[in-house]
Amino acid sequence: MNSTLRLAAAISLASLLPLSASAAESKGSVEVVHWWTSGGEKAAVDVLKAQVEKDGFTWKDGAVAGGGGATAMTVLKSRAVAGNPPGVAQIKGPDIQEWASTGLLDTEVLKDVAKEEKWDALLDKKISDTVKYDGDYVAVPVNIHRINWLWINPEVFKKAGIDKAPTTLDEFYAAADKLRAAGFIPLAHGGQPWQDSTVFESVVLAVMGPEGYKKAMVDLDEKALTGPEMVKALTELKKVATYMDADGKGQDWNLEAAKVINGKAGMQIMGDWAKSEWTLANKTAGKDYQCVPFPGTDKAFLYNIDSLVVFKQKDKGTAAGQQDIARKVLGEDFQKVFSINKGSIPVRNDMLADMGKYGFDACAQTSAKDFLADAKTGGLQPSMAHNMATTLAVQGAFFDVVTNYINDPKADPADAAKKLSAAVKAAK
Ligand code: GAL
């Protein structure tokens with residue numbers, strides 16, 4: 001073959017091969033907007049990406065940095081207004097109903113998958129109701145996180161002469177004093193509003209109990225928001241805040257988690273996505289770190305359920321990819337591997353009841369056991385700070401008052417409680 005012929009043959013082969021190969025490779029593309037951007041969270045979401053790509057779909061990653069998701073929500077809103085929402089997005093709790101009522105979510109695309117995969121039987125009604133609109137699934141629930149956890153570095157505790165994890169607020173303060181005296185940061189904490197409110201709601205749960213928490217944070221009862229128990233909770237919050245990392249203003253949660261992992265700080269109050277950072281650092285629960293319920297909240301569980309909603313798309317080719325993601329997400333394999341990486345527990349009833357079978361660690365086993373037990377006693381309550389209890393407008397009112405209160409050296413708890421109630425009322 002002369003050189004011209006060889007080139008022509010190569011061109012014709014090249015034009016056949018890659019094109020036909022790539023056409024066969026992608027069955028369609030779906031963009032997924034989420035805020036899982038810390039190292040550990042990324043490892044978890046990569047599990048889904050790999051499974052969806054293995055099925056032949058193209059995953060367009062729409063990651064928006066910013067713990068708690070406030071920035072992701074702003075991006076989503078502007079994209080929706082511009083008529084360009086992604087195929088799939090991380091949206092949670094009552095907010096799903098608000099989005100669905102705009103008509104932007106797809107009520108058809110998940111129908112067959114939900115039926116075929118028997119979602120109604122796999123999920124607790126409380127969970128399936130959250131992700132349905134007018135009886136149709138508009139989202140797939142991904143996992144369950146618990147908020148009221150305290151993360152401890154036992155090595156640091158030992159160096160500071162503390163021999164056990166605190167179980168009451170007084171023991172917490174005593175441990176924090178010892179940590180400080182030994183030169184450690186007592187409480188790793190990033191001073192972003194959602195992190196401030198994560199601590200606030202754990203303290204409210206400890207002081208007011210699950211019933212009081214429900215009245216104040218879910219029912220938004222004026223008496224509960226301004227009463228003596230809330231004033232006490234705010235007083236305790238101010239004391240907890242005195243132990244927070246002095247360099248933590250505006251800091252991301254995972255950078256603060258790293259301070260506990262690296263032995264600079266003793267404790268962090270954070271939901272169990274914090275575990276994803278410990279796992280990524282090859283640390284083992286019960287050995288290298290301890291997870292205990294936030295002091296005074298061992299009989300209660302503030303829950304946070306991540307879910308992925310489906311938006312209506314102009315390009316009808318996206319439907320197959322949306323369905324594939326939904327099918328994968330509630331599959332046994334994904335439920336196990338994702339939660340092990342993410343620090344959460346599965347949403348499927350059958351898996352929650354048999355956690356040992358899947359190789360979950362001690363923290364996850366405790367979490368699942370408490371989730372099931374607390375559901376029977378009223379101890380299971382939705383997290384305000386993580387969009388499960390209220391609309392985003394009411395949540396914003398809580399965030400503003402709580403963060404201002406923590407940062408104002410002259411703030412008065414009774415006055416802050418009144419402000420809280422007024423701000424919530426205006427946002428309702
Ligand atoms: C929560 C979310 C978690 C985790 C966390 C930190 O609101 O449910 O999955 O991502 O924020 O960003």
Side-chain angles (χ1 to χ4, degrees), residues 26 28-55 57-93 95-96 99 104-106 131 139-145 190 192-195 198 250-258 270-281 304-311 313 315 318 321-322 324-326 328-329 334-335 337-344 347 385-387 392:
S26 182
S29 126
V30 193
E31 183 181 7
V32 184
V33 166
H34 61 89
W35 63 89
W36 293 320
T37 52
S38 79
E41 290 177 316
K42 185 173 180 314
V45 76
D46 279 351
V47 171
L48 183 58
K49 181 174 180 252
Q51 293 196 0
V52 169
E53 285 180 343
K54 199 169 157 220
D55 285 349
F57 296 94
T58 304
W59 171 284
K60 266 183 78 186
D61 202 54
V64 181
T71 319
M73 286 303 117
T74 309
V75 169
L76 260 188
K77 273 180 204 144
S78 58
R79 289 198 43 182
V81 170
N84 175 35
V88 171
Q90 185 186 357
I91 298 181
K92 298 185 293 183
D95 216 27
I96 295 177
W99 276 97
L104 289 171
L105 302 190
D106 199 320
V131 290
V140 56
V142 181
N143 60 347
I144 301 170
H145 277 300
Q192 296 170 345
W194 73 271
Q195 294 186 62
T198 297
Q251 193 71 273
D252 289 336
W253 67 270
N254 49 314
L255 301 181
E256 290 297 315
M270 186 48 69
D272 43 18
W273 48 89
K275 204 175 80 180
S276 68
E277 297 301 304
W278 291 91
T279 305
L280 192 73
N304 169 24
I305 299 166
D306 283 315
S307 42
L308 295 172
V309 307
V310 281
F311 276 96
Q313 296 289 286
D315 173 9
T318 312
Q322 291 173 314
D324 189 68
I325 289 179
K328 282 277 142 1
V329 161
F334 172 82
Q335 284 286 307
V337 186
F338 181 82
S339 269
I340 286 179
N341 280 290
K342 184 81 165 44
S344 47
V347 267
H386 295 277
N387 323 4
L392 288 188

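In this chain, residues are counted from 1 in sequence order.
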Side-chain heavy atoms of S344 within contact of I144, under 4.5 Å = no
Do the side chain of Q313 and the main chain of P86 share a donor and acceptor less than 3.5 angstrom apart?
-> yes
Value rounded to 0.5 Å, distance of OG1 in T74 from CZ in R79 = 13.5 Å
Spacing of S339 atom OG and K275 atom NZ [to the nearest 0.5 Å] = 8.5 Å
Could you tell me whether the side chain of Q322 and the main chain of V310 form a donor-acceptor pair under 3.5 Å?
-> no
Can any side-chain N or O of K92 pair as donor or acceptor with the backbone N or O of H386 at less than 3.5 Å?
-> yes
Minimum side-chain heavy-atom gap D272-K342 below 4.5 Å | no
I96 side chain near S307 side chain, heavy-atom distance below 4.5 Å = yes
Any T198 side-chain heavy atom under 4.5 Å of W253 side chain = no
Quick check: does any side chain N or O of E53 sit under 3.5 Å from a backbone N or O of A50, one acting as donor and the other as acceptor?
-> no
Can you check whether G67's main-chain N or O pairs, donor with acceptor, with W194's side chain at less than 3.5 Å?
-> yes
Could you pull out all residues at least two apart from F338 that satisfy ring pair (Phe, Tyr, Trp, His ring centres under 6.0 Å)?
-> W36, F334
Any donor-acceptor N/O pair, N341 side chain to V337 backbone, under 3.5 Å | yes
At what distance, to the nearest 0.5 angstrom, does CD of E41 lie from CG of D306?
-> 8.5 Å
Side chains of V309 and V88: closer than 4.5 Å at any heavy-atom pair?
-> no
Separation of T279 OG1 from I340 CD1 (nearest 0.5 Å) = 9.0 Å
Here the pair of heavy atoms bringing V347 nearest to Q335 is N-OE1, 2.9 Å
Kindly indicate whether the side chain of W35, heavy atoms from C-beta on, has any atom under 4.5 Å from the side chain of T71.
-> no
Would you call D55-K328 a salt bridge at under 4.0 Å N-O?
-> yes
Indicate the ring-plane relationship of W59 and H34, choosing parallel, tilted or perpendicular according to the 30° and 60° boundaries.
-> tilted
Pairwise side-chain contact, D252 with Q192, heavy-atom cut-off 4.5 Å (strictly under) | yes
Can any side-chain N or O of E277 pair as donor or acceptor with the backbone N or O of G40 at less than 3.5 Å?
-> yes
Does the side chain of L308 come within less than 4.5 Å of L48's, by heavy atoms?
-> yes
Measure the spacing between OG of S38 and CG of L255 and express it to the nearest 0.5 Å.
-> 9.5 Å
